[in-house]
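Notes for the one structure printed next.
Remember, it's 1-based here, ligands and their atoms both numbered in the order they're listed.
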Amino acid sequence: MKAAYSIFILVVSLAVFGIIDVCNAQKLSNNFYKRTCPRVDQIVKEIIQNRIRRNPDLGAKLIRMQFHDCFVRGCDASVLLDTVNNTRAEKEAIPNQSLSGFDVIDEIKTAIERACPRVVSCADIIALAARDAVSAHFKKSLWDVQLGRRDGRVSLATEISGNLPGPFANISSLIQLFNRKGLDVNDLVVLSGAHTIGVSRCGAFSRRLYNFTGKGDADSSLDRTYAETLRKQCPNPASPTITVEMDPGSSLSFENHYYDILLQNKGLFVSDAALLTDRNSNRAVIRLQRSPSSFSLHLQNP
Ligand code: HEM
Ligand SMILES: *[C@@H]1O[C@H](CO)[C@@H](O)[C@H](O)[C@H]1NC(C)=O
Ligand SMILES: *[C@@H]1O[C@H](CO)[C@@H](O)[C@H](O)[C@H]1NC(C)=O
Ligand SMILES: *[C@@H]1O[C@H](CO)[C@@H](O)[C@H](O)[C@H]1NC(C)=O
Ligand SMILES: CC(=O)N[C@H]1CO[C@H](CO)[C@@H](O)[C@@H]1O
């Protein structure tokens, strides 16, 4: 139950802190568009519901997009901008090559512009769409989204590094990068719980399977049986087009199962496994794992 609430509160804090601290100190509110675009919530919800039927994995795509947006220049939709004048945009950077869902945001933006032109920011649309897509398999919204983010005009591929952690990040650099956004160790552990949904390409972790220290070995912090399974799924280190579920068998359900996996040494990335290597983050993992009722059960029977 605690896990449910923490995930709930902290996913929101990602959205909120991103703008208050990093962006333009604009105050967010629950009724930001009450007069100027009262149907904004409804428009987003309808389009997401339509899309989810064809793409049940849309929640994973959009919450990851929000994470990438918020960690570079605050939650300002800079992740959506295209390259102009040969200055490569965030989209072009390697971590973004596996982002998707841009067409969904475009569809929503088009519908909203028709209803209330030039009022609603793309950053708010990303936040609402991510919430609604993750919540789609539940009977109600999993968290509140406050609105009022303003869009930026700058997007630089060079700003990914130093802001977004990579899958081989150790615990000290994870803590440092999150700290820079006003997020603490507990926030790091809770937000990493988003890896309970979605997939990863082999390339983001296969070094752990084949040649971790340069001696043709596997990462000893990874469960050996699980490593064997992963080698079968990713038969060569690059396997660029193959993806695997990050929370096997449960990658469409948003609950605290990620922490079970972590404690069995089956976290997929070095950055997942790293959460066990620090006293405070380890404690947070155990606390979240012990939560008796799963996220979804709790929310369906409040
Ligand atoms: C703590 C640092 C984090 C690292 C190092 C990290 C890294 C990654 C990587 C490497 C992938 C796979 C991408 C690929 O296939 O190439 C991934 C996927 C994903 N990440 Fe993270 N991530 C982090 C935190 C987060 C956070 C805070 C969220 C959201 C709140 C998030 C949500 C997701 C989701 C949902 C996916 C699956 C996307 C899909 O199915 O397409 N991650 N992450
Ligand atoms: C791109 O370059 C053109 C021509 O040099 C210039 O007029 C325009 O302002 C530039 N656009 C941006 C976004 O920098
Ligand atoms: C963690 O990673 C950072 C950045 O790659 C590196 O500078 C640092 O030495 C690493 N820390 C440990 C304890 O391995
Ligand atoms: C493993 O890594 C080492 C050091 O980087 C390299 O010399 C070696 O060729 C690699 N082995 C394989 C099988 O790729
Ligand atoms: C979604 C997206 O824009 N992906 C881009 C990521 O970067 C590569 C390489 O620069 C582009 O080809 C992709 O289009």
Side-chain angles (χ1 to χ4, degrees), residues 6-15 17-18 55-72 75 79 93-102 104 126-127 130-131 133-134 142-143 160-181 183 185 187-218 234 236-247 251-254 258 262 267-275 277-278 281 284-285:
S6 310
I7 289 185
F8 172 82
I9 289 161
L10 286 157
V11 169
V12 180
S13 80
L14 172 65
F17 278 56
N55 298 311
D57 56 353
L58 188 59
K61 309 298 175 203
L62 294 181
I63 197 166
R64 181 161 183 250
M65 182 192 288
Q66 186 182 9
F67 168 50
H68 283 222
D69 180 33
C70 292
F71 262 54
V72 186
C75 311
V79 69
I94 285 172
N96 279 353
Q97 292 176 10
S98 54
L99 287 184
S100 58
F102 294 104
V104 179
I126 294 174
R131 186 271 310 271
V134 173
L142 296 186
W143 61 86
I160 296 283
S161 145
N163 283 301
L164 265 181
F168 291 94
N170 60 33
I171 191 67
S172 38
S173 62
L174 288 171
I175 290 173
Q176 194 196 3
L177 290 170
F178 274 68
N179 267 339
R180 250 187 241 166
K181 313 295 168 193
L183 299 166
V185 176
D187 300 332
L188 163 66
V189 175
V190 173
L191 288 166
S192 295
H195 287 174
T196 188
I197 52 173
V199 298
S200 168
R201 295 170 305 168
C202 295
F205 58 87
S206 58
R207 190 151 63 79
R208 300 186 81 196
L209 310 177
Y210 288 104
N211 201 3
F212 192 61
T213 66
K215 295 178 190 152
D217 54 345
C234 304
N236 73 68
S239 304
T241 57
I242 302 177
T243 57
V244 309
E245 295 178 288
M246 295 193 290
D247 182 355
S251 71
L252 287 177
S253 69
F254 194 72
Y258 168 78
L262 274 192
L268 193 56
F269 305 134
V270 169
S271 62
D272 296 316
L275 301 179
T277 64
D278 163 88
S281 59
V285 169

Original post:
So, is S192 polar-close to ligand 1, with some N/O to N/O distance under 3.5 Å?
Top reply: no
**OP:** Pick one of side chain, backbone, both or neither for how A169 approaches ligand 3, counting any non-hydrogen atom pair under 4.0 Å.
**Re:** neither
If every non-hydrogen atom of [X] is compared with every non-hydrogen atom of [Y], which pair is closest and at what distance?
{"X": "A133", "Y": "G59", "answer": "CB-CA, 3.6 Å"}
{"X": "S251", "Y": "E245", "answer": "OG-OE2, 2.7 Å"}
{"X": "Q66", "Y": "A127", "answer": "NE2-CB, 3.6 Å"}
{"X": "R208", "Y": "F168", "answer": "CG-CE2, 4.3 Å"}
{"X": "A274", "Y": "S281", "answer": "O-OG, 4.4 Å"}
{"X": "F71", "Y": "P165", "answer": "CD2-CD, 4.3 Å"}

In ligand 1, which numbered atoms sit nearer than 4.0 Å to a non-hydrogen atom of [X]?
{"X": "A204", "value": "10 (C)"}
{"X": "V199", "value": "37 (C), 38 (C), 39 (C), 40 (O)"}
{"X": "G198", "value": "37 (C), 40 (O)"}
{"X": "K61", "value": "39 (C), 40 (O), 41 (O)"}
{"X": "G166", "value": "5 (C)"}

**OP:** Could you tell me whether a side-chain N or O of N211 sits under 3.5 Å from a main-chain N or O of K215, the two making a donor and an acceptor?
**Re:** yes
Subject >> Test applied, side chain to side chain contact (heavy atoms under 4.5 Å, CB included); reference residue, D57; option that passes from I197, L62, L252 >> reply: L252
Original post:
Can you find a heavy atom in the side chain of L183 that is under 4.5 Å from one in the side chain of L188?
Top reply: no
Subject >> Parallel, tilted or perpendicular: ring planes of F205 versus F269, cut at 30 and 60 degrees >> reply: tilted
Original post:
When the ring planes of F254 and W143 are compared, do they come out parallel, tilted or perpendicular, using 30° and 60° as the limits?
Top reply: tilted
Subject >> Pairwise distance CD1(I126) to NE2(H68) - rounded to 0.5 angstrom >> reply: 12.0 Å
Subject >> Separation of M246 CE from T196 OG1 (nearest 0.5 Å) >> reply: 9.0 Å
For [atom], which of [options] has the closest heavy atom?
{"atom": "atom 14 (C) of ligand 1", "options": "S98, S173, G203", "result": "S98"}
{"atom": "atom 4 (C) of ligand 1", "options": "C202, S271, A274", "result": "S271"}
{"atom": "atom 43 (N) of ligand 1", "options": "E245, H195, M246, R201", "result": "H195"}

**OP:** Run the numbers for me: atoms of ligand 3, each under 4.0 Å from some heavy atom of N170, listed by number.
**Re:** 1 (C), 2 (O), 3 (C), 8 (C), 10 (C), 11 (N), 12 (C), 14 (O)
Is ligand 1 under 4.0 Å from a heavy atom in the side chain of [X], in the backbone, in both, or in neither?
{"X": "L174", "answer": "side chain"}
{"X": "P165", "answer": "both"}
{"X": "S200", "answer": "both"}

Flag [atom] as yes if some protein heavy-atom distance to it falls below 4.0 Å, otherwise no.
{"atom": "atom 11 (N) of ligand 3", "result": "yes"}
{"atom": "atom 5 (O) of ligand 3", "result": "no"}
{"atom": "atom 14 (O) of ligand 3", "result": "yes"}

Can you tell me if [X] has a non-hydrogen atom under 4.0 Å from ligand 1?
{"X": "Q66", "value": "no"}
{"X": "F178", "value": "yes"}
{"X": "D57", "value": "no"}

Original post:
Among all protein non-hydrogen atoms, which one is nearest to atom 3 (C) of ligand 4, and what is the separation to 0.1 Å?
Top reply: G214 O, 3.4 Å
**OP:** Find all atoms of ligand 4 within a distance of less than 4.0 Å from any non-hydrogen atom belonging to N211, and give their numbers and elements.
**Re:** 1 (C), 2 (O), 3 (C), 8 (C), 10 (C), 11 (N), 12 (C), 14 (O)
